[in-house]
Asks: 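Sending over a structure as C-alpha coordinates; questions will come in a sec.
Just so you know, residue 1 is the first one in the sequence shown, and it goes up from there. Heavy atoms only: backbone and side chains are in, while hydrogens, waters and symmetry mates are out.
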Amino acid sequence: MANFADYTRNEETEVNSWIRFGLRLGVSAALHPFEYSKALIQIGYEPIAARPGKSMLGRPIMVLPNIFQYAGHIKRIDGFYGCYRGLAPKLAGSILSMVVSERVAEKLDLAHKEDKDESELTEEENYVQFKYNLKRDIVLTVSGIVVSHPFHVISLRMMAQFVGRETLYNSILGSIAEIWKTEGIRGFFSGLIPKLLCDVACLVLSSSTVFILNKYFIKDKVARQYNAGFTQFMFSSLLYPLQVVSTCSAISGSRLMAGQPPIMPQYSNWVDCWNDLQSRRELKRGSSLFWRSQVLQAPIIATSAFAPLPKLSRYQ
(Lines give C-alpha, C1' and ligand atoms only; values in the text may rest on other atoms or scores of the structure.)
Protein backbone atom coordinates (compact mmCIF):
# COMPACT_ATOMS: atom_id res chain seq x y z
CA MET A 1 0.00 0.00 0.00
CA ALA A 2 2.87 2.35 0.79
CA ASN A 3 4.40 1.75 -2.64
CA PHE A 4 1.05 2.41 -4.32
CA ALA A 5 0.62 5.63 -2.35
CA ASP A 6 4.11 6.79 -3.33
CA TYR A 7 3.43 5.93 -6.97
CA THR A 8 0.14 7.87 -6.92
CA ARG A 9 1.81 10.84 -5.28
CA ASN A 10 4.59 10.85 -7.89
CA GLU A 11 2.03 10.66 -10.70
CA GLU A 12 0.12 13.60 -9.26
CA THR A 13 3.35 15.59 -8.89
CA GLU A 14 4.29 14.92 -12.53
CA VAL A 15 0.83 15.91 -13.76
CA ASN A 16 0.91 19.10 -11.71
CA SER A 17 4.36 19.99 -13.04
CA TRP A 18 3.14 19.58 -16.62
CA ILE A 19 0.09 21.74 -15.88
CA ARG A 20 2.32 24.47 -14.47
CA PHE A 21 4.61 24.13 -17.47
CA GLY A 22 1.61 24.44 -19.82
CA LEU A 23 0.51 27.60 -18.05
CA ARG A 24 4.01 29.06 -18.38
CA LEU A 25 3.98 28.28 -22.09
CA GLY A 26 0.62 30.01 -22.43
CA VAL A 27 1.84 33.12 -20.64
CA SER A 28 5.04 33.10 -22.69
CA ALA A 29 3.05 32.89 -25.92
CA ALA A 30 0.72 35.71 -24.85
CA LEU A 31 3.66 37.99 -23.98
CA HIS A 32 5.69 37.11 -27.07
CA PRO A 33 5.09 40.47 -28.86
CA PHE A 34 6.83 42.21 -25.97
CA GLU A 35 9.71 39.71 -26.01
CA TYR A 36 9.91 40.31 -29.76
CA SER A 37 10.15 44.05 -29.20
CA LYS A 38 12.73 43.62 -26.44
CA ALA A 39 14.92 41.46 -28.69
CA LEU A 40 14.96 44.16 -31.37
CA ILE A 41 15.75 46.79 -28.75
CA GLN A 42 18.63 44.66 -27.44
CA ILE A 43 20.25 44.49 -30.88
CA GLY A 44 19.98 48.27 -31.07
CA TYR A 45 17.21 48.68 -33.64
CA GLU A 46 15.14 51.85 -33.25
CA PRO A 47 12.65 52.29 -36.14
CA ILE A 48 10.72 55.09 -34.38
CA ALA A 49 12.45 58.45 -34.06
CA ALA A 50 13.05 59.77 -30.57
CA ARG A 51 11.02 62.84 -29.58
CA PRO A 52 12.03 65.72 -27.33
CA GLY A 53 10.99 65.43 -23.71
CA LYS A 54 12.09 66.06 -20.15
CA SER A 55 13.39 63.82 -17.43
CA MET A 56 11.90 63.71 -13.93
CA LEU A 57 14.49 66.30 -12.94
CA GLY A 58 13.41 68.58 -15.76
CA ARG A 59 16.49 67.99 -17.92
CA PRO A 60 15.85 67.98 -21.70
CA ILE A 61 16.14 64.45 -23.14
CA MET A 62 15.17 62.52 -26.25
CA VAL A 63 12.40 60.06 -25.38
CA LEU A 64 12.28 56.69 -27.16
CA PRO A 65 9.07 54.63 -27.62
CA ASN A 66 8.14 52.31 -24.77
CA ILE A 67 7.59 48.59 -25.21
CA PHE A 68 3.87 49.00 -26.03
CA GLN A 69 4.55 51.58 -28.74
CA TYR A 70 7.31 49.38 -30.15
CA ALA A 71 4.99 46.34 -30.30
CA GLY A 72 2.32 48.54 -31.89
CA HIS A 73 4.79 49.52 -34.61
CA ILE A 74 5.50 45.86 -35.39
CA LYS A 75 1.75 45.21 -35.61
CA ARG A 76 1.25 48.13 -38.00
CA ILE A 77 3.94 46.77 -40.31
CA ASP A 78 3.32 43.00 -40.14
CA GLY A 79 -0.19 42.73 -38.72
CA PHE A 80 -1.38 40.79 -35.67
CA TYR A 81 0.18 37.46 -36.64
CA GLY A 82 3.44 39.19 -37.49
CA CYS A 83 3.81 40.01 -33.79
CA TYR A 84 4.29 36.28 -33.16
CA ARG A 85 7.22 35.77 -35.50
CA GLY A 86 9.69 33.40 -33.83
CA LEU A 87 7.15 31.93 -31.41
CA ALA A 88 7.15 28.38 -32.87
CA PRO A 89 10.88 27.64 -32.30
CA LYS A 90 10.68 29.34 -28.92
CA LEU A 91 7.90 26.98 -27.76
CA ALA A 92 9.62 23.96 -29.35
CA GLY A 93 12.81 24.81 -27.46
CA SER A 94 10.90 25.20 -24.18
CA ILE A 95 9.22 21.80 -24.52
CA LEU A 96 12.49 20.10 -25.47
CA SER A 97 14.24 21.80 -22.55
CA MET A 98 11.60 20.58 -20.10
CA VAL A 99 11.72 16.97 -21.28
CA VAL A 100 15.48 16.59 -21.68
CA SER A 101 16.50 18.44 -18.51
CA GLU A 102 14.23 16.27 -16.37
CA ARG A 103 15.67 13.12 -17.95
CA VAL A 104 19.22 14.35 -17.35
CA ALA A 105 18.43 15.10 -13.71
CA GLU A 106 16.97 11.62 -13.22
CA LYS A 107 20.06 10.03 -14.79
CA LEU A 108 22.20 11.92 -12.28
CA ASP A 109 20.00 10.80 -9.36
CA LEU A 110 18.57 14.28 -8.93
CA ALA A 111 14.89 13.47 -9.38
CA HIS A 112 12.30 15.88 -7.99
CA LYS A 113 11.61 15.56 -4.26
CA GLU A 114 8.92 17.28 -2.26
CA ASP A 115 10.49 19.86 0.04
CA LYS A 116 9.90 19.39 3.72
CA ASP A 117 8.91 22.30 5.91
CA GLU A 118 11.96 23.95 7.44
CA SER A 119 10.39 23.79 10.90
CA GLU A 120 10.48 19.98 10.68
CA LEU A 121 14.16 19.86 9.75
CA THR A 122 17.34 20.28 11.73
CA GLU A 123 19.82 22.91 10.61
CA GLU A 124 21.97 20.27 8.93
CA GLU A 125 18.99 18.65 7.17
CA ASN A 126 17.85 22.05 5.92
CA TYR A 127 21.31 22.68 4.46
CA VAL A 128 21.32 19.25 2.79
CA GLN A 129 17.91 19.98 1.26
CA PHE A 130 19.17 23.35 -0.03
CA LYS A 131 22.27 21.78 -1.60
CA TYR A 132 20.21 19.06 -3.28
CA ASN A 133 17.73 21.55 -4.73
CA LEU A 134 20.53 23.86 -5.92
CA LYS A 135 22.40 21.01 -7.62
CA ARG A 136 19.20 19.86 -9.29
CA ASP A 137 18.32 23.39 -10.43
CA ILE A 138 21.80 23.90 -11.90
CA VAL A 139 21.56 20.61 -13.83
CA LEU A 140 18.06 21.52 -15.08
CA THR A 141 19.19 25.01 -16.10
CA VAL A 142 22.41 24.02 -17.88
CA SER A 143 20.98 21.00 -19.72
CA GLY A 144 17.81 22.90 -20.63
CA ILE A 145 19.70 25.88 -22.05
CA VAL A 146 22.17 23.77 -24.03
CA VAL A 147 19.54 21.57 -25.66
CA SER A 148 17.16 24.43 -26.46
CA HIS A 149 19.71 27.04 -27.55
CA PRO A 150 19.58 26.19 -31.28
CA PHE A 151 15.85 26.95 -31.20
CA HIS A 152 16.56 30.14 -29.26
CA VAL A 153 18.99 31.26 -31.99
CA ILE A 154 16.42 30.46 -34.69
CA SER A 155 13.72 32.39 -32.83
CA LEU A 156 15.95 35.46 -32.42
CA ARG A 157 16.95 35.43 -36.08
CA MET A 158 13.35 35.09 -37.18
CA MET A 159 12.57 38.21 -35.18
CA ALA A 160 15.70 40.04 -36.40
CA GLN A 161 14.43 39.67 -39.98
CA PHE A 162 12.10 42.55 -39.17
CA VAL A 163 15.06 44.93 -39.63
CA GLY A 164 15.92 44.01 -43.23
CA ARG A 165 12.69 42.28 -44.28
CA GLU A 166 14.52 39.06 -45.19
CA THR A 167 12.91 35.62 -45.57
CA LEU A 168 15.89 33.42 -44.67
CA TYR A 169 14.32 32.11 -41.44
CA ASN A 170 10.68 31.42 -42.24
CA SER A 171 10.44 27.88 -40.83
CA ILE A 172 12.30 25.77 -38.29
CA LEU A 173 13.62 23.30 -40.89
CA GLY A 174 14.53 26.07 -43.32
CA SER A 175 16.32 27.93 -40.53
CA ILE A 176 18.29 24.82 -39.56
CA ALA A 177 19.39 24.41 -43.19
CA GLU A 178 20.38 28.10 -43.43
CA ILE A 179 22.51 28.04 -40.26
CA TRP A 180 24.15 24.72 -41.14
CA LYS A 181 24.99 25.90 -44.66
CA THR A 182 26.43 29.28 -43.70
CA GLU A 183 27.92 28.76 -40.22
CA GLY A 184 28.02 25.07 -39.44
CA ILE A 185 27.42 23.61 -36.00
CA ARG A 186 28.86 26.70 -34.25
CA GLY A 187 26.01 28.82 -35.58
CA PHE A 188 23.46 26.89 -33.54
CA PHE A 189 25.27 27.81 -30.31
CA SER A 190 26.02 31.47 -30.98
CA GLY A 191 25.63 33.41 -27.74
CA LEU A 192 25.43 30.25 -25.60
CA ILE A 193 28.21 31.07 -23.13
CA PRO A 194 26.90 34.48 -21.95
CA LYS A 195 23.41 33.01 -21.66
CA LEU A 196 24.71 30.15 -19.51
CA LEU A 197 26.75 32.54 -17.38
CA CYS A 198 23.76 34.82 -16.87
CA ASP A 199 21.23 32.16 -15.94
CA VAL A 200 23.51 29.96 -13.81
CA ALA A 201 25.04 32.92 -11.95
CA CYS A 202 21.57 34.37 -11.31
CA LEU A 203 20.35 30.99 -10.02
CA VAL A 204 23.32 30.38 -7.70
CA LEU A 205 23.48 33.95 -6.35
CA SER A 206 19.75 34.34 -5.78
CA SER A 207 19.27 30.87 -4.25
CA SER A 208 22.26 31.26 -1.92
CA THR A 209 21.23 34.76 -0.87
CA VAL A 210 17.65 33.70 -0.17
CA PHE A 211 18.86 30.72 1.87
CA ILE A 212 21.17 32.87 3.99
CA LEU A 213 18.59 35.62 4.54
CA ASN A 214 15.87 33.13 5.45
CA LYS A 215 18.18 31.28 7.81
CA TYR A 216 19.54 34.22 9.76
CA PHE A 217 17.29 37.23 9.24
CA ILE A 218 13.80 36.55 7.83
CA LYS A 219 11.44 34.26 9.74
CA ASP A 220 8.03 35.39 8.49
CA LYS A 221 6.71 33.13 5.66
CA VAL A 222 5.07 35.97 3.72
CA ALA A 223 8.23 38.07 3.91
CA ARG A 224 10.23 35.10 2.63
CA GLN A 225 8.07 34.93 -0.51
CA TYR A 226 8.68 38.60 -1.26
CA ASN A 227 12.36 38.16 -0.45
CA ALA A 228 12.76 35.41 -3.06
CA GLY A 229 11.14 37.48 -5.81
CA PHE A 230 13.05 40.65 -4.97
CA THR A 231 16.40 38.85 -4.74
CA GLN A 232 15.93 37.16 -8.10
CA PHE A 233 14.95 40.45 -9.70
CA MET A 234 17.99 42.18 -8.21
CA PHE A 235 20.49 39.65 -9.55
CA SER A 236 18.79 39.33 -12.95
CA SER A 237 19.06 43.13 -13.29
CA LEU A 238 22.72 43.02 -12.27
CA LEU A 239 23.47 40.31 -14.86
CA TYR A 240 21.29 41.83 -17.58
CA PRO A 241 24.26 42.92 -19.77
CA LEU A 242 24.99 39.23 -20.41
CA GLN A 243 21.50 38.89 -21.91
CA VAL A 244 22.22 41.73 -24.33
CA VAL A 245 25.58 40.20 -25.28
CA SER A 246 23.95 36.79 -25.83
CA THR A 247 21.24 38.25 -28.09
CA CYS A 248 23.71 40.25 -30.18
CA SER A 249 26.11 37.30 -30.43
CA ALA A 250 23.29 35.03 -31.63
CA ILE A 251 22.57 37.36 -34.56
CA SER A 252 26.04 38.70 -35.37
CA GLY A 253 27.64 36.99 -38.36
CA SER A 254 24.39 35.81 -39.92
CA ARG A 255 23.34 36.91 -43.41
CA LEU A 256 20.69 39.17 -41.92
CA MET A 257 20.99 42.95 -42.23
CA ALA A 258 20.65 43.12 -38.43
CA GLY A 259 23.80 41.01 -38.03
CA GLN A 260 26.01 42.81 -40.50
CA PRO A 261 27.83 46.16 -40.54
CA PRO A 262 26.98 48.99 -40.29
CA ILE A 263 24.12 47.90 -38.02
CA MET A 264 26.18 45.36 -36.06
CA PRO A 265 29.95 44.77 -36.14
CA GLN A 266 31.36 41.33 -36.92
CA TYR A 267 32.22 39.94 -33.50
CA SER A 268 34.86 37.21 -33.22
CA ASN A 269 33.41 35.97 -29.91
CA TRP A 270 31.13 37.06 -27.08
CA VAL A 271 33.96 38.82 -25.20
CA ASP A 272 34.57 40.96 -28.28
CA CYS A 273 30.85 41.76 -28.31
CA TRP A 274 30.94 42.68 -24.61
CA ASN A 275 33.94 44.99 -25.08
CA ASP A 276 32.34 46.75 -28.04
CA LEU A 277 29.00 47.32 -26.29
CA GLN A 278 30.75 48.41 -23.11
CA SER A 279 32.86 50.96 -25.00
CA ARG A 280 29.66 52.42 -26.47
CA ARG A 281 27.77 52.25 -23.14
CA GLU A 282 25.10 49.97 -24.63
CA LEU A 283 25.27 46.96 -22.31
CA LYS A 284 22.01 47.98 -20.62
CA ARG A 285 19.91 48.69 -23.69
CA GLY A 286 16.45 47.26 -23.31
CA SER A 287 16.71 47.13 -19.50
CA SER A 288 14.10 49.87 -19.21
CA LEU A 289 10.98 49.05 -21.21
CA PHE A 290 8.61 51.80 -20.12
CA TRP A 291 10.70 54.95 -19.59
CA ARG A 292 13.28 54.91 -22.35
CA SER A 293 15.53 57.84 -23.22
CA GLN A 294 18.31 58.37 -25.71
CA VAL A 295 21.74 58.93 -24.20
CA LEU A 296 23.55 60.41 -27.19
CA GLN A 297 22.40 63.27 -29.35
CA ALA A 298 23.79 61.80 -32.58
CA PRO A 299 22.35 58.35 -33.27
CA ILE A 300 23.66 56.00 -35.95
CA ILE A 301 21.46 55.92 -39.03
CA ALA A 302 20.73 52.81 -41.11
CA THR A 303 18.38 52.08 -43.97
CA SER A 304 15.51 49.61 -44.12
CA ALA A 305 13.06 48.34 -46.70
CA PHE A 306 9.99 49.81 -45.02
CA ALA A 307 11.47 52.67 -42.96
CA PRO A 308 13.94 54.82 -44.89
CA LEU A 309 15.80 56.05 -41.84
CA PRO A 310 15.48 53.75 -38.81
CA LYS A 311 17.72 54.78 -35.97
CA LEU A 312 20.08 52.58 -34.07
CA SER A 313 20.96 54.71 -31.11
CA ARG A 314 22.40 54.50 -27.65
CA TYR A 315 19.68 54.49 -25.08
CA GLN A 316 18.46 53.00 -21.85
Side-chain angles (χ1 to χ4, degrees), residues 21 25 28-29 32 35-36 38-40 42-45 84-105 107 138-203 239 241-261 263-274 276-277 286:
F21 178 69
L25 281 185
S28 178
H32 183 73
E35 289 294 324
Y36 186 175
K38 185 176 180 178
L40 294 182
Q42 286 180 336
I43 65 175
Y45 182 63
Y84 292 89
R85 188 198 304 265
L87 177 60
K90 176 183 173 182
L91 295 181
S94 296
I95 294 171
L96 186 64
S97 172
M98 170 72 171
V99 174
V100 172
S101 60
E102 284 290 344
R103 296 295 177 268
V104 171
K107 289 290 185 181
I138 291 174
V139 168
L140 291 175
T141 300
V142 172
S143 58
I145 289 175
V146 171
V147 74
S148 66
H149 195 74
F151 294 94
H152 179 65
V153 171
I154 291 171
S155 177
L156 287 175
R157 293 189 179 187
M158 283 184 174
M159 293 185 279
Q161 289 184 135
F162 184 83
V163 177
R165 313 307 290 167
E166 299 96 343
T167 57
L168 297 172
Y169 298 89
N170 278 352
S171 67
I172 294 178
L173 292 179
S175 300
I176 292 173
E178 165 67 17
I179 295 174
W180 179 264
K181 180 177 66 176
T182 58
E183 300 168 75
I185 192 69
R186 285 187 60 186
F188 293 103
F189 297 96
S190 303
L192 173 62
I193 294 178
K195 184 172 177 60
L196 276 174
L197 288 174
C198 177
D199 289 9
V200 173
C202 183
L203 170 64
L239 296 166
L242 287 169
Q243 293 183 33
V244 178
V245 171
S246 177
T247 300
C248 292
S249 299
I251 295 169
S252 175
S254 67
R255 293 200 295 161
L256 299 175
M257 180 188 289
Q260 296 287 339
I263 293 179
M264 185 180 294
Q266 290 277 7
Y267 298 121
S268 56
N269 52 55
W270 73 271
V271 177
D272 185 25
C273 178
W274 175 285
D276 175 64
L277 294 176

Asks: Taking atom CD of E35 and atom CE of M159, what is their separation to the nearest 0.5 Å?
Replies: 8.0 Å

Asks: For the pair E166 (side chain) and M257 (backbone), establish whether a donor and an acceptor sit closer than 3.5 Å, ignoring hydrogens and angles.
Replies: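 Side chain of E166 to backbone of M257, a donor-acceptor pair under 3.5 Å: yes, one is there.
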
Asks: Between I251, V245, D276, which is the residue that forms a side-chain contact (heavy atoms from CB on, under 4.5 Å) with Y267?
Replies: D276

Asks: Is a side-chain donor or acceptor of Q260 paired with a backbone partner of S254 at a separation under 3.5 angstrom?
Replies: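 Such a contact is found between Q260 side chain and S254 backbone.
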
Asks: Determine whether I43 and V163 make a side-chain contact, defined as any pair of heavy atoms from C-beta on separated by less than 4.5 Å.
Replies: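 They are in side-chain contact.
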
Asks: Tell me whether the rings of H152 and H149 are parallel (<30°), tilted (30 to 60°) or perpendicular (>60°).
Replies: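 Aromatic pair H152/H149 classed tilted.
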
Asks: Look at the rings of H32 and Y84 and say which category their plane angle falls in: under 30° parallel, 30 to 60° tilted, over 60° perpendicular.
Replies: parallel

Asks: Are the side chain of S101 and the backbone of S97 linked by a donor-acceptor contact shorter than 3.5 Å?
Replies: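 Indeed, once roles are kept as given, a pair shorter than 3.5 Å links the two residues.
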
Asks: Looking at C248 and Q42, what are the two nearest heavy atoms and their distance?
Replies: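 Looking at all heavy atoms of both residues, the closest pair is SG-O, 3.5 Å.
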
Asks: When rounded to the nearest 0.5 angstrom, what is the spacing between CZ in F188 and CD1 in I176?
Replies: 6.0 Å

Asks: So how far is it from S252 OG to M264 CE, rounded to the nearest 0.5 Å?
Replies: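 Going from the OG atom of S252 to the CE atom of M264 covers 6.0 Å.
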
Asks: Kindly indicate, with the supporting measurements, whether the criterion side chain to side chain contact (heavy atoms under 4.5 Å, CB included) is fulfilled by I95 and L25.
Replies: CA-CA 9 Å; I95 294 171; L25 281 185; 3.9 Å; yes

Asks: Can you give me the closest heavy-atom contact between T167 and N170, atom names plus distance?
Replies: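 Minimum heavy-atom contact is CB-ND2, 3.4 Å.
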
Asks: Distance-only, no hydrogens or angles: does the S94 side chain make a donor-acceptor pair with backbone N or O of K90 under 3.5 Å?
Replies: yes

Asks: Is NZ or CZ of R186 both nearer than 6.0 Å to the six-membered ring centre of F189 and within 45° of the ring axis?
Replies: no

Asks: Measure the spacing between OG1 of T141 and CG of L203 and express it to the nearest 0.5 Å.
Replies: 4.5 Å

Asks: Which atom pair, heavy atoms only, marks the closest approach of Q243 to C198?
Replies: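 In this case the closest contact between Q243 and C198 is CG-SG, 3.7 Å.
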
Asks: Nearest heavy-atom pair of R255 and L168: which atoms, and what distance?
Replies: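 Shortest heavy-atom separation between R255 and L168 comes out as NH2-CD2, 3.3 Å.
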
Asks: Hey, what do you get for OG (S155) to CG (L87), rounding to the nearest 0.5 Å?
Replies: 7.5 Å

Asks: Any donor-acceptor pair under 3.5 Å linking the side chain of Q161 with the backbone of Y169?
Replies: yes

Asks: Which pair of heavy atoms, one from I179 and one from R157, lies closest together, and at what distance?
Replies: CG1-NH1, 3.7 Å

Asks: Please check this pair: side chain of S246 against backbone of L242, looking for a donor-acceptor N/O pair closer than 3.5 Å.
Replies: no

Asks: If you compare all heavy atoms of A160 against all heavy atoms of A258, which two are closest, and at what distance to 0.1 Å?
Replies: O-CB, 3.8 Å

Asks: From I154 CD1 over to S148 OG, what is the distance, rounded to the nearest 0.5 angstrom?
Replies: 11.0 Å

